[in-house]
2 protein chains.
Amino acid sequence: MDATPDPVAVRDTVQTGLDAGELVTVFGRCRVEYDGRASSTLGPGDRLLVLKPDGTALVHTDEGHQPVNWQPPGCEHEVRLSDGTLRIHSSRTTPEETLDVCFETVTAVNRYAVTDDSELSVSGTEADLRERVLESPSLVESGFEPRATERETAAGAIDIYGVDERGNAVVVELKRRRVGPDAVGQLDRYVTALRRESHDETTVRGLLVAPSVTDRASELLADRGLEFVALEPHS
Amino acid sequence: MDATPDPVAVRDTVQTGLDAGELVTVFGRCRVEYDGRASSTLGPGDRLLVLKPDGTALVHTDEGHQPVNWQPPGCEHEVRLSDGTLRIHSSRTTPEETLDVCFETVTAVNRYAVTDDSELSVSGTEADLRERVLESPSLVESGFEPRATERETAAGAIDIYGVDERGNAVVVELKRRRVGPDAVGQLDRYVTALRRESHDETTVRGLLVAPSVTDRASELLADRGLEFVALEPHS
DNA sequence: CGTGCCAGGTGCCCT
DNA sequence: AGGGCACTTGGCACG
């Protein structure tokens, strides 16, 4: 279905493909309007529209990882022909969001019968870092003993809660990559919350465990009396 | 270039398209390996590979807004034929990252001559909220006077710095949507930093300006003695 | 180039 | 459905 100038055939191909649960792409010159959590307008240009069977819509230009406009999974796609021009209207509720793609010209329409049973397996994630610490707590500090993961506080869940060799409470915040000030703020919230929830005589230490730390974050750690431990998510 | 079983023709089409600065898509059954900031493996399945002229690579399955695997702009794409199977190797440096897509079968290859001169225009952003506050400071509070935007502190830049009707310093943190604990942590960092950098007698107030706030964030605001003002980014 | 932060972030898990 | 947070977050602006 390449280089199709007949608008009716284009519309039918898109509609048939969507009805068949296929992935459909439309390439051509179009304008795009979005309205929902924000609003956006995009003037004419050549783009690749990807319509997925799960209700996803992606508008890709020649540049960038991100689609210039999109609609998340779960949307309803409507295919219309108005004055001989193809219009795709994709909408959802909660939140109310609409995407309109209006094609001036359509160069190509393609249907793809997609099936994918494989699951993506990722390593080097924060979960891997947590496993590493739980298996070898001494990597954090000699004498460190994990007592709980995801321990709840009023400020949120602590990645790893434990005690040091002196019996002090230890809050560990894990990050798979170099950390900035935001991670320090997060750790500080948990430490502060735990101190309020603990007996007055209990000392609560806060440890940020990550591959590295920025200067600004390092200063903030010092200001708040928190500590840093360098550790990679992988061996 | 649909339903092409000839591997050599497939490879040549992909290579020619990339050389011509076109957007190229390859659809078929493939495996994907990624290694870089993390590592991942994806078993066989039907996917749409999108190769952009700026060096972007996207691997899309039948589900989801996000590509299951990808490579950011600026990568080098290598097209190879190994034992009659198409292999796309996409790599970059800083950080060192590689993506390998190995096609068991190729169902379709398409080339798209993409040009896009239009710029996306978005409204309802944090910048809009800032403009709104600067034009009508009383929306924040009667007597509020903005004095600076992006005022620097040791903990980062304050969105809007100003004074209230009593002459107290005011730190305003803007968020375009409902805020959680992270925004409170951010505001608290700026307020704490500014207090340290100010004369002891100066009172520094912290205002979180956003459409709404979660319960947890609200509690944190109270704990830290910070305030909330409800305001939307649009009129 | 690294640092810091917004984004229509998205996705996952939990209540 | 909403909250809290990780993510190969991506993207931009600034030092």
Side-chain angles (χ1 to χ4, degrees), chain A residues 34-40 56 63-73 92-99 120 122-130 150 152-153 155-157 159 173-186 189-190 212-218 220 233, chain B residues 34-40 56-57 59 63-73 92-99 120 122-127 129-130 150 152-153 155-159 173-186 189-190 212-218 220 233:
Chain A
Y34 159 77
D35 194 60
R37 287 169 288 175
S39 303
S40 76
T56 301
E63 290 182 341
H65 162 101
Q66 300 266 170
V68 64
N69 276 115
W70 72 93
Q71 203 65 299
R92 69 158 176 169
T93 54
T94 54
E96 185 87 21
E97 283 186 309
T98 59
L99 182 73
L120 181 70
V122 189
S123 70
T125 168
E126 181 179 303
D128 293 320
L129 178 56
R130 183 178 61 241
E150 302 297 314
E152 284 296 335
T153 73
D159 282 343
E173 174 63 27
L174 304 168
K175 292 294 169 190
R176 64 172 298 280
R177 64 172 196 175
R178 183 174 177 85
V179 292
D182 52 342
V184 181
Q186 204 178 339
R189 296 206 311 272
Y190 301 151
S212 60
V213 63
T214 68
D215 287 348
R216 181 103 74 165
S218 192
L220 283 173
Chain B
Y34 159 76
D35 194 59
R37 286 168 291 175
S39 305
S40 77
T56 300
V59 182
E63 291 182 340
H65 162 101
Q66 301 266 168
V68 63
N69 276 114
W70 71 92
Q71 202 68 296
R92 70 159 176 169
T93 54
T94 47
E96 185 88 19
E97 282 185 309
T98 59
L99 181 73
L120 181 69
V122 189
S123 70
T125 167
E126 182 180 302
L129 178 56
R130 183 177 60 243
E150 302 297 312
E152 283 297 334
T153 73
I158 296 169
D159 283 343
E173 175 63 26
L174 304 168
K175 292 295 167 188
R176 65 169 298 281
R177 62 167 201 174
R178 184 174 176 87
V179 291
D182 52 340
V184 182
Q186 203 178 340
R189 295 206 313 271
Y190 301 150
S212 60
V213 63
T214 68
D215 287 349
R216 184 109 77 177
S218 191
L220 284 172

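Treat the numbers as computed from the prediction; the structure is a model and nothing was measured. Computed over heavy atoms, backbone and side chain alike; hydrogens, waters and symmetry mates excluded. Just so we're on the same page: letters track the sequence lines, and every chain starts at 1.
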For [X], what residues pass the side-chain hydrogen bond (donor to acceptor under 3.5 Å, both in side chains) criterion, not counting sequence neighbours?
X: A/Ser123; value: none
X: A/Thr153; value: none
X: A/Ser212; value: A/Arg178
X: A/Gln66; value: none

Output the rounded distance in Å from CG (A/Asp215) to P (C/dG4). 8 Å

For DNA chain D, which nucleotides open and close the run of contacts to chain A, 5' to 3', at under 4.0 angstrom from a non-hydrogen atom? D/dC5 to D/dG11

Please tell me if the side chains of [X] and [Y] come closer than 4.5 Å, counting only heavy atoms from C-beta onward.
X: B/Leu99; Y: B/Asn69; result: yes
X: A/Arg176; Y: A/Arg130; result: no
X: B/His65; Y: A/Pro67; result: yes

Residues forming a side chain to side chain contact (heavy atoms under 4.5 Å, CB included) with [X], sequence neighbours excluded:
X: A/Arg92; result: A/Arg37, A/Pro72, A/Cys75, A/Pro95, A/Glu97
X: B/Val122; result: A/Ala38, A/Ser40, B/Leu120
X: A/Asp159; result: A/Glu126, A/Glu150, A/Glu173, A/Leu174

Nearest-nucleotide comparison on DNA chain D, the residue closer to the 5′ end among B/Thr214 and A/Thr94: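 Counting from the 5' end, the first nearest nucleotide belongs to A/Thr94.
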
A/Thr214 side chain vs A/Ala217 backbone, donor-acceptor pair below 3.5 Å: yes

Restricting both atoms to N or O, compile the protein contacts to nucleotides 5-8 of chain C shorter than 3.5 Å, with distance only.
from: C/dC5; atom 1: OP1; to: B/Tyr190; atom 2: OH; distance (Å): 2.8
from: C/dC5; atom 1: OP2; to: B/Arg189; atom 2: NH2; distance (Å): 3.4
from: C/dC6; atom 1: OP1; to: B/Glu173; atom 2: OE2; distance (Å): 3.1
from: C/dC6; atom 1: OP1; to: B/Lys175; atom 2: NZ; distance (Å): 3.1
from: C/dC6; atom 1: OP1; to: B/Gln186; atom 2: NE2; distance (Å): 3.0
from: C/dC6; atom 1: OP2; to: B/Lys175; atom 2: NZ; distance (Å): 2.9
from: C/dA7; atom 1: OP1; to: B/Thr125; atom 2: OG1; distance (Å): 2.5
from: C/dA7; atom 1: OP1; to: B/Glu126; atom 2: N; distance (Å): 3.0
from: C/dG8; atom 1: O6; to: A/Asn69; atom 2: ND2; distance (Å): 3.1
from: C/dG8; atom 1: O6; to: A/Trp70; atom 2: N; distance (Å): 2.9
from: C/dG8; atom 1: O6; to: A/Trp70; atom 2: O; distance (Å): 3.0
from: C/dG8; atom 1: N1; to: A/Trp70; atom 2: O; distance (Å): 2.5
from: C/dG8; atom 1: N2; to: A/Arg37; atom 2: NH2; distance (Å): 3.1
from: C/dG8; atom 1: N2; to: A/Gln71; atom 2: OE1; distance (Å): 3.1
from: C/dG8; atom 1: N2; to: A/Glu97; atom 2: OE1; distance (Å): 3.4
from: C/dG8; atom 1: N2; to: A/Glu97; atom 2: OE2; distance (Å): 3.4
from: C/dG8; atom 1: N3; to: A/Tyr34; atom 2: OH; distance (Å): 3.3
from: C/dG8; atom 1: N3; to: A/Arg37; atom 2: NH2; distance (Å): 2.9
from: C/dG8; atom 1: N3; to: A/Glu97; atom 2: OE2; distance (Å): 3.3

Toward the 5' end of DNA chain C, which comes first, B/Gly64 or A/Val179, by nearest nucleotide? A/Val179

For [N] and [M], measure between their [atom1] atoms and round to the nearest Å.
N: D/dC5; M: D/dT9; atom1: C1'; result: 12 Å
N: D/dC7; M: C/dA7; atom1: P; result: 22 Å
N: C/dG8; M: C/dG4; atom1: P; result: 23 Å

Using nucleotides 12-15 of chain C, report all nitrogen or oxygen pairs with the protein that are shorter than 3.5 Å.
none

